[in-house]
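Structure first, then comments.
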2 protein chains.
Amino acid sequence: MESIVNKVLDQTDVHILDILQKEAQLSNTEIAKQVNLSPPAVHSRIKRLESEGYIIRQVAILNQEKLGFDLLCYIFISTDIHQAEELHRLERALVEMPEVLECQCLTGEYDYLLKVANKNRKDLQDFIRKLNKLGITKIQTSLALREVKYSTVLPIMET
Amino acid sequence: MESIVNKVLDQTDVHILDILQKEAQLSNTEIAKQVNLSPPAVHSRIKRLESEGYIIRQVAILNQEKLGFDLLCYIFISTDIHQAEELHRLERALVEMPEVLECQCLTGEYDYLLKVANKNRKDLQDFIRKLNKLGITKIQTSLALREVKYSTVLPIMET
DNA sequence: AAATTCGCAGAATAATATACGGAAAAATCT
DNA sequence: AGATTTTTCCGTATATTATTCTGCGAATTT
C-alpha cells in the first residue's frame, strides 16, 4: 500500500507545511504556484504529510473577544497525589474540561500550568472550585490583561 | 453591499463555528448535514462569520515533536522600560520573533509571559540572549516537560 | 401590503481525486 | 564501470465532488 517508513522531509515539504500552518484554506492550485509544482503533486504531498502525522489537524481560530471570553488566565497548580493511577485520573479530568485550553507539565515549583478561558468571574470561580475538588492543593492564578501575540505557527522555515 | 451592523449569533451560527474550530477542512455539504441546512446556506453563513470577524483564520496544526521542537518553554519577563514608545518597540520585537508563539501581559510579579518554541538548548540560549538585548531585566524560564493538552477550541457550546 | 430576511434548488465554475505515461535518479547485475 | 532494471515523482488528462452564484419563494417584520 504505502511506505511505513517516514522519509525525511525535503525543502518543498517544509514549504508546504509552512504555507498550511499559516493559511490552511488555500487551494492546491495556489499552493502549487508558490512551491512550483502541479496541483496534483501538491495534493499527494499533503496527503502524505497527513498520513505520516506531520499535520495533526486543521482548525479555525475564533475571535475570543467577540465570543465573550474576556477572562483568559494562566493557572499554576500543584497536587499531593503521587500514585500513578490517581494522577492519570486527574490529568484525564483536566483534558476533558473545555475551559482548559492547555495543560503542560512544567519544571519549577508547580506541577502543571493551565491556560484557561472563561466568560466572567463567576465562571472562573466555578472552575477553581472544580480544581479544588480534583485534589489540587496549591493554586496560583495570573490574569491575562492583554494578548500581545497568539500564534500556532512553528518557526520551521528559519533553519 | 452588506450589513455593517453585526447581528447577534443564533444557535446555528454557534454550531457552525464550533464545527469549524474543531475540523476546519469539512466541506459545506458535511457541515450542512450536521446543522440541518443546505450547503449554500452554510456557505453564506460562514462568509458572514468571516466578514464579521468571528473567524480570524484557518490554520493547520503541525506535530511539533516530529518537526524537532523539543524545547517548549514558558518564560516570564520584566522590563524597566516605562516610556510608551519604547514599550511598543519591545512588543513589536517580541511579536516579530518566530520562536515566540504567545506573548501575554499578565497580572503579577512579571510584565509578560512568553510561550517559546526552540529546537535545542543552543537555540534557547541564543533566544534568551536576544531578550537581554531588548531591555529585559528579569527572566524566569520554565521548561515544558510534557504536553497534557493543547487546544485552540473555545468552549462556545457549553453555555 | 410592502419590504426584508432567510432558506432551497439548480446551474456554472472551480477544486479535489485518480489514473496513466514518462523522465530522472537509485539500485542491481553483469 | 557500464548497462539494465526498479523506483520515485512529476505532469497531463479526466472524472468526481465541492464551491459559488443566481433566481425564486416562504415566512416574518414593518
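Sequence lines set the chain letters: A, B, ... in the order given, protein chains first and strands last, and positions in each chain run from 1. Predicted model only: the values in this text are computed from it and were never measured.
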Figure out the CD/P separation between Gln25(A) and dT20(D), and round it to whole Å. 11 Å
Donor-acceptor check, side chain of Lys130(A) to backbone of Met97(A), threshold 3.5 angstrom: yes or no? no
Quick one: is Arg45(B) getting a side-chain N or O under 4.0 Å of the dG7(C) phosphate, OP1 or OP2? yes
Is it the case that more than 12 heavy atoms not belonging to Glu86(B) sit under 6.0 Å from its CD atom? yes
Minimum-distance nucleotide (side-chain atoms of Thr29(B) versus dA15(C), dT19(D), dG11(D)): dT19(D)
Which one, dT18(C), dA15(C), dG7(C), comes nearest to the side chain of Leu37(B)? dG7(C)
Nucleotide dT16(C), atom C1' - distance to CG of Leu26(B) in whole Å: 15 Å
Is it the case that more than 12 heavy atoms not belonging to Glu65(B) sit under 6.0 Å from its CD atom? no
Would you classify Ser38(A) as touching base, sugar-phosphate or nothing, given that sugar-phosphate means primed atoms plus P, OP1 and OP2, and contacts are heavy atoms under 4.0 Å? base
Ile16(A) CD1 to dC9(D) P, in whole Å, measures 12 Å
Between dC21(D), dG7(C), dA15(C), which nucleotide has the shortest distance from any of its atoms to the side chain of Ser27(A)? dA15(C)
Closer than 4.0 Å, any side-chain N/O of His43(B) to the OP1 or OP2 of dT20(D)? yes
d(CG, Asn28(A); C1', dT19(D)) in whole Å: 14 Å
Checking Thr152(A) side chain against Ile61(B) main chain: does a donor-acceptor pair fall under 3.5 Å? no
Quick check: does any side chain N or O of Ser78(B) sit under 3.5 Å from a backbone N or O of Lys138(B), one acting as donor and the other as acceptor? no
Rounded to the nearest angstrom, tell me the gap between atom CD in Glu30(A) and atom P in dA15(C). 8 Å
May I ask you to say what Pro39(A) touches in the nucleic acid, namely base, sugar-phosphate or nothing, with a heavy-atom cut-off under 4.0 Å? nothing
Quick one: Lys47(B) NZ to dC21(D) P, roughly how many Å, whole number? 8 Å
Would you kindly give the NZ-to-P distance between Lys33(A) and dC10(D), to the nearest whole Å? 19 Å
Rounded to whole Å, the CG-C1' distance (Asp13(A) to dC10(D)) equals 14 Å
